[in-house]
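Here the structure is a predicted model, which is why all the values come from computation and not from measurement. Both backbone and side-chain heavy atoms feed into the values below; hydrogens, waters and symmetry mates do not. Both ligands and their constituent atoms are indexed starting at 1 by order of listing.
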Amino acid sequence: MGFDLDVVVVGGCGHVGLPLAMAFADRGLQVAAYDIDPAAVHKVQSGAMPFDEPGAPEMLERVIASSRLVATSDPPIVSRAEHIVVVIGTPVDEHLNPDPQAVPSAVEALAPYLRPGQLLVLRSTVYPGVTALVERRVASLGIELDVSFCPERIAEGKALRELFELPQIVSARNPTAMARARKLFEVLVNETVELLPEEAELAKLFTNAYRYLKFALANQLYMMANDFGLDYERIRQGVIQNYPRAADLPAAGFAAGPCLLKDTMQLAAFNNNNFVLGPAAMMVNEGLPLYMVDRLSRRYDLSTMTIGILGMAFKGDSDDIRSSLAYKLKRILRFKAGGVLCADPYVKVDADLVPEEEVLGHSDLVIIGAPHNRYIQLEIVKPVVDVWGLRRGGVRV
Ligand SMILES: NC(=O)c1ccc[n+]([C@@H]2O[C@H](COP(=O)([O-])OP(=O)(O)OC[C@H]3O[C@@H](n4cnc5c(N)ncnc54)[C@H](O)[C@@H]3O)[C@@H](O)[C@H]2O)c1
């Protein structure tokens, strides 16, 4: 059967595909990152990260220099690897509907390069039933390969730590495929969790919905406290101090990014839209920028003011602006305020951003849009709206 590569990661230059490909390569496997984005492939192959990820530049340099990792847009590379890991994006559409065909279609496009004896690992977050659909499609091709679903659970910004620490959920329908998936992920960690494919699909969606709902609760409690003239973060600190039962009550803040909302919506669709808590959480989380502007407009005549937003990424110390609520805040303010100035030291893909000093110098009021650590100590002489409680400045909205 003879494969000269151990692993090919399909979507291997993306936010989760690339760290995974690098992690396998750094553990000594021979890995290819296959991706349809030629610009990202070119960057990776030249040893440069296409996005920020702590610890990644050094590791990428190492695995490219040793040729343990190669990046390519050439699909025939897929036929050379014993393990094919598919981790392409699985966004919901503009009406928040999941696309259960995204992963099966990507696999079908690779049909000419699938070979008997390969292990196909689905790692994208998928709509429940997608693994079974892929199994059926693969069977109809008449190629004998094993299929498994092993969801990715890392958080961006912690990828290269968590890939070597988090237990890996592995699932497959038959013992051979399960054993092969377990062996592959034991290259990264000792602890694996075995589930049925449908259990694993739901486990991943439950994980993200749980987080999204927790953030919604925190945000609703924030609004409640704020409306009552009290500082949510002060109350939260009081609640969690040496009290393990509430230790995971989150701080308030924009709950956004490419995963949490869309996976909560996938779960809602899966349950025939009978997931009352999911859309309710969306109303709260997506409503937070509207709430902030509404509160501000009761105190200020925004139409005469320039508002600054510091931080446009969807999370702290990240350059990723996908589905960031800081951009929703910007849109609302462009409608209501005299002017809006935005800065983010990490974001490189937005030509509208201005330097931080310009925001600080020319704004009448500053809103923290992303909880970058540098904003904790940053000297800001203008009024600051800090929903995250980052600066412990108390009630300001
Ligand atoms: N971003 C996260 O923190 C995170 C965490 C856990 C799980 N996930 C899940 O992982 C999956 C990927 O997310 P991401 O954030 O890495 O997305 P991404 O957009 O950063 O990466 C996906 C990559 O796949 C490539 N691609 C798309 N279609 C392809 C195809 N047919 N063949 C080859 N390459 C293709 C894209 O060019 C891109 O580089 C999603 O299902 C997501 O829900 C993401």
Side-chain angles (χ1 to χ4, degrees), residues 8-23 32-45 49-54 56 71-78 81 84-92 98-114 120-128 130-131 134 149-163 166 168-169 200-201 203-212 255-267 313-324 349:
V8 60
V9 180
V10 178
C13 294
H15 286 81
V16 300
L18 183 54
L20 181 69
M22 287 162 46
Y34 163 64
D35 203 292
I36 53 171
D37 178 349
V41 165
H42 181 73
K43 263 199 136 165
V44 171
Q45 194 49 43
M49 285 295 294
F51 49 85
D52 286 350
E53 185 61 51
T72 177
S73 321
D74 265 350
I77 192 111
V78 169
I84 307 167
V85 181
V86 178
V87 68
I88 63 165
T90 49
V92 289
D99 175 7
Q101 299 297 336
V103 169
S105 300
V107 171
E108 267 177 343
L110 297 173
Y113 314 108
L114 300 179
L120 177 64
V121 179
L122 310 182
R123 196 155 172 86
S124 301
T125 304
V126 298
Y127 188 77
V130 162
T131 307
V134 169
F149 172 68
C150 307
E152 181 57 82
R153 296 197 291 171
I154 54 133
E156 284 179 41
K158 298 179 183 162
L160 292 174
R161 181 157 53 78
E162 293 189 342
L163 275 168
L166 295 181
Q168 292 284 339
I169 292 180
E201 290 171 340
K204 175 62 198 182
L205 294 180
F206 286 177
T207 306
N208 279 1
Y210 177 55
R211 257 171 88 68
Y212 193 65
C259 289
L260 299 188
L261 170 58
K262 70 110 174 153
D263 290 339
T264 305
M265 293 302 107
Q266 296 211 76
L267 200 52
F314 86 82
K315 68 192 294 189
D317 297 331
S318 163
D319 66 347
D320 193 346
I321 60 168
R322 291 180 296 166
S323 307
S324 168
V349 292

Heteroatom distance test (Arg153, ligand 1): nitrogen or oxygen, under 3.5 angstrom: no
Which of the ligand 1 atoms, numbered from 1, are nearer than 4.0 Å to a heavy atom of Gly14: 16 (O), 20 (O), 21 (O), 23 (C), 39 (O)
Heavy atom of the protein closest to atom 11 (C) of ligand 1 (residue, atom name, distance): Ile88 O, 3.4 Å
Proximal ligand 1 atoms for Ser124, defined as those under 4.0 Å from one of its heavy atoms: 41 (O)
Proximal atoms of ligand 1 relative to Gly11 (non-hydrogen, under 4.0 Å): 23 (C), 24 (O), 25 (C), 33 (C), 34 (N)
Protein contact to atom 4 (C) of ligand 1 [nearest heavy atom, distance to 0.1 Å]: Val16 CG1, 3.3 Å
Atom 31 (N) of ligand 1 [closest protein heavy-atom partner, distance rounded to 0.1 Å]: Ala106 CB, 3.9 Å
For atom 39 (O) of ligand 1, the protein heavy atom that lies nearest, with its residue and separation: Asp35 OD2, 2.7 Å
Lys204 and ligand 1 - part of the residue with a heavy-atom distance under 4.0 Å: side chain
Pro75 versus Tyr113, closest heavy-atom pair with distance: CB-CE1, 3.5 Å
Closest approach of any protein heavy atom to atom 28 (N) of ligand 1, naming residue and atom: Ile36 CD1, 3.5 Å
Atom indices of ligand 1, in the order listed, that fall short of 4.0 Å to a heavy atom of Ile154: 5 (C), 6 (C)
Thr125 N/O under 3.5 Å from ligand 1 N/O: yes
Heavy atoms of other groups near Arg123 CZ, more than 12 under 6.0 Å: yes
Sub-3.5 Å N/O-N/O distance, Val10 and ligand 1: no
Heteroatom proximity flag, Thr90 to ligand 1, N/O under 3.5 Å: yes
Nearest protein heavy atom with distance in Å, relative to atom 1 (N) of ligand 1: Glu156 OE2, 2.8 Å
Backbone or side-chain N or O of Arg322 under 3.5 Å from ligand 1 N or O: yes
Closest candidate by heavy atom, reference atom 42 (C) of ligand 1, pool Glu152, Lys262, Gln266: Lys262
Pair Arg322 + Glu156: basic N to acidic O under 4.0 Å: yes
